[in-house]
Amino acid sequence: MNVVESSAQQQLDEVQALIARLQMHPAERAAASFRRIELLDDLGRRKEAVAASVRLLDEFAAKPEAGVVVPCCQTLRLLAHMLRQMHRRADALATLDRLIAAHGQRAEPEIREHIAHALYQRTWWIDEPAARCEACDAMSELLDSQPDAALDAWRVEARLLKAEIEHHRGLPQDALATLEAVIERFDSSTDPGVVLRVARARLASVLNLRELAQHAQAQVMCLAVADQIEAGLALAEPELRVEGVRALTLFFDGFGIDEHANRAELVGWLLERYGHDDSPQVRRMAVRRAYDWSVGLRESDDGEAALAACERLLATFGADTDAVVHRTVASALLNKGFVLLERLGRAEEALEVYQQLARQLQGAAEPDLQDTLAKASAGRQACLKKLRKADADGNLPELPLEVRDEVRDKVRQGRRHGDAGESREAIALFDEVLAAHAASPHPELRRQCARALVHKSFCLVALERFDEVIAAADAMDARYGADPSTEMQETVALCLQYKSTALERLGRHDDEMRVHDEIVARWGNSELPDLRGRVVGALFRKGATLRLARQLAAAVACYDEAIARTSSAREGSLQLWAAKSMINKARALDKLGDAAGQIKAYRTLIARFGDSGDAALRERVVNACEWLAEAEGRQGRVEAQRAALEAALGRFGTALSAEQRTRLTRELQALKAKALGRKAKEVFGRVVRRKA
């Protein structure tokens, strides 16, 4: 028995003795008996706790005194909780119904609070969305029958839950009407709990307005919440300040991709108001949004803006002592080093950042920080390589500015042609650059020629000139494959990916898989996101080729390796490769007849990415929910199939396309109809047997 169990057992012995002494004091005896039930539950002796609950209720349920009724209410709520943990869901709901029926009209505040809790708890435990909505209405009706302002927070909570259910059922107009009624009725309240919930109602309205394509109204609603909280920020509770951060985050998401100035201003506003907040949760949300913004700028190749975003984040949170904030600050330093080295070419400054980060994380025990330390060490080595190469290139003649600008402009113009589908025009410009400067040893001209060659490969793929793609990739590797700079390595890896695509289109699958193996062998140990993406992509594509060749076990091994390499990835592109690999693994396992493995793969995907805000990831999760239901159905597990469909509609209703939502709803209704038919046959059979 450990220390905690020993302490609980000692308290249990003391309570037992106290109960024996309180024969003539019902209220105190009831309270002590409830404490005994709590201790039994804490010790894991649940059957004894349930039996003790029944004895307490038998002894005290008929007594009307408030001092006795309160422990009875507590006992009924705890009993319901224990029954649900014992998978006796119907008994748990019946226990809450008993509490509400027995004491729902009592006027004492402490009893009313238990009734409100029980109503809300009961509503949450109902799985079927329509029935849960009805339970929300019943809760509102019962609470509204008692005109006590102390219950306002619970009244709002009931309506918020109903609106959430309507939203997930794909009924944004109904949800919006429910929320508007809440806001109109309770907006003038000064009770902190009600003010908090009204703010949540407004932010829930934002999601439904966007679902209805009313984006301007959604932005106005975000600002209404942010401004209201800001007006009383000094006095606002931490929970309300969290809603302030959410309001600014939703407002940020409402801007278009090209509205960089507005987004940058808003992140600055967010850090100014909440960057030094007393609440760690508020600061965690603020630093995460600022970090995501800096990474987004880096991925869009806006190096100067990304650096400025990193600097502002570090200035605000650099000295923060919260462990979660500290981890994000470490990631921000890593991002700053990458931007300086790879986007801005400032290797000396990047080296200082990586060395600072390595010093800070020396001896860190957490896996996330150890991973960051490894990446910082890799970044430091990349800086040293680049600085050594710069020293070696220092004796080269200076590149005339007009030549540099001409080459850069041609490559940029060629890329614009390629993005617009004008592949032949793009290739002509790239060939001009390569013909004039491919033999030059100057670093800038080599960099521009490598860019021209990789973009030319992309255009050749679009034109289906696959033999030329292979030749271009081989030329890229021969000229630049030994260049240690990160940008060159990323460019070579991308060109090899295009080569694998060309080989796949030509039906040369063995050669294609050799290219995939080469990518994994050359860059498998890289810590850089782009190269990690190429490696995982190569594993995924090799798995797909093996799956088509019916080499299913080998395909599963490739997908497993891709999943393992992205297990701790925070980058959206790597997480997407993981999700794709899980889906293809599930399909391969289906072909192998491993239904349990297939179902596990889908469940793993849903568990890992079910809460992601990324649209591409959510799409994969939604599809996995549907395919999970199909897999459960093929195994004859009707209840599991039904649960998967209900989870998909309830959790991801607004993320489903109209066609998919209709299809899943129809399948769920068909399952319910079959269940009713089976039940009717069973009843009929029993009647026939009785008469016989």
Side-chain angles (χ1 to χ4, degrees), residues 87 500 503-504 507-510 512-514 516-517 520 535-567 569 574-610 612 616-649 651-652 656 659-660 663-675 677-678:
H87 306 291
S500 72
L503 290 166
E504 185 267 330
R508 295 166 56 183
H509 298 303
D510 289 341
E512 174 204 349
M513 288 194 286
R514 276 192 284 273
H516 295 319
D517 289 339
V520 174
V535 169
V536 178
L539 287 166
F540 174 83
R541 293 186 181 93
K542 181 181 178 183
T545 302
L546 289 166
R547 190 162 67 92
L548 290 173
R550 296 289 189 268
Q551 299 180 43
L552 300 173
V556 169
C558 283
Y559 295 134
D560 280 338
E561 185 176 351
I563 294 164
R565 286 176 176 272
T566 54
S567 60
L574 294 177
Q575 290 180 338
L576 186 57
W577 279 123
K580 289 178 177 179
S581 297
M582 290 174 185
I583 288 171
N584 272 22
K585 176 185 174 180
R587 290 172 175 167
L589 290 169
D590 181 34
K591 296 290 186 183
L592 284 168
D594 185 357
Q598 179 194 20
I599 289 169
K600 182 179 178 182
Y602 286 138
R603 290 194 182 280
T604 302
L605 169 59
I606 295 164
R608 181 172 171 187
F609 301 116
S612 173
L617 277 174
R618 283 182 66 83
E619 180 184 350
R620 267 71 185 183
V621 172
V622 168
N623 289 337
C625 286
E626 181 174 3
W627 295 328
L628 172 63
E630 291 178 5
E632 295 283 17
R634 285 196 297 270
Q635 294 303 304
R637 292 195 284 269
V638 178
E639 286 303 318
Q641 181 184 12
R642 176 176 172 175
L645 289 170
E646 288 176 341
L649 288 165
R651 188 176 180 185
F652 305 109
L656 299 170
E659 179 185 354
Q660 195 173 28
R663 185 170 63 252
L664 294 187
T665 302
R666 190 183 300 119
E667 290 174 7
L668 182 58
Q669 289 171 345
L671 282 177
K672 290 179 179 178
K674 288 179 182 177
R678 284 194 301 271

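Being a predicted model, the structure only gives us computed values, none of them experimental. Throughout, residue positions are numbered sequentially from 1 according to the sequence presented.
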For a quick test of reading the model, state the closest non-hydrogen atom pair linking [X] to [Y] and the distance between them.
| X | Y | answer |
| --- | --- | --- |
| Leu539 | Cys558 | O-CB, 3.6 Å |
| Leu592 | Val556 | CD1-CG2, 4.2 Å |
| Ala601 | Ala586 | CB-CB, 3.9 Å |
| Ile563 | Ala578 | CG1-O, 4.2 Å |
| Ala588 | Leu552 | O-CD1, 4.1 Å |
| Ala595 | Gln635 | CB-NE2, 3.1 Å |

- Query: Which residue pairs pass the side chain to side chain donor-acceptor pair (under 3.5 Å) test with at least one member in residues 554-566, sequence neighbours excluded?
  - Reply: Tyr559-Asn584, Asp560-Lys585, Glu561-Arg565

- Message: In the structure I gave you, are the side-chain heavy atoms of Arg541 and Glu504 within less than 4.5 Å of one another anywhere?
- Response: no

- Query: Less than 4.5 Å apart, any side-chain heavy atom of Val622 and any of Glu626?
  - Reply: no

- Run the numbers on Arg634 and Glu630 for side-chain contact (heavy atoms from CB on, under 4.5 Å), then give the verdict. CA-CA 6 Å; Arg634 285 196 297 270; Glu630 291 178 5; 3.9 Å; yes

To the nearest 0.5 Å, what is the distance between [atom1] on [X] and [atom2] on [Y]?
| X | Y | atom1 | atom2 | result |
| --- | --- | --- | --- | --- |
| Leu503 | Met513 | CG | CE | 11.0 Å |
| Lys580 | Leu576 | NZ | CG | 4.5 Å |
| Leu605 | Arg620 | CG | CZ | 10.0 Å |
| Ile583 | Asn623 | CD1 | CG | 6.0 Å |
| Tyr602 | Leu589 | OH | CG | 9.5 Å |
| Arg550 | Lys591 | CZ | NZ | 6.0 Å |

- Task: Go through the steps to decide whether Leu546 and Lys542 satisfy the test side-chain contact (heavy atoms from CB on, under 4.5 Å), and finish with yes or no.
- Result: CA-CA 6 Å; Leu546 289 166; Lys542 181 181 178 183; 4.1 Å; yes

- Item | Full working for side-chain contact (heavy atoms from CB on, under 4.5 Å) between Lys600 and Thr604 | CA-CA 6 Å; Lys600 182 179 178 182; Thr604 302; 4.1 Å; yes

- Apply side-chain contact (heavy atoms from CB on, under 4.5 Å) to His509 and Glu512, showing your working. CA-CA 5 Å; His509 298 303; Glu512 174 204 349; 3.2 Å; yes

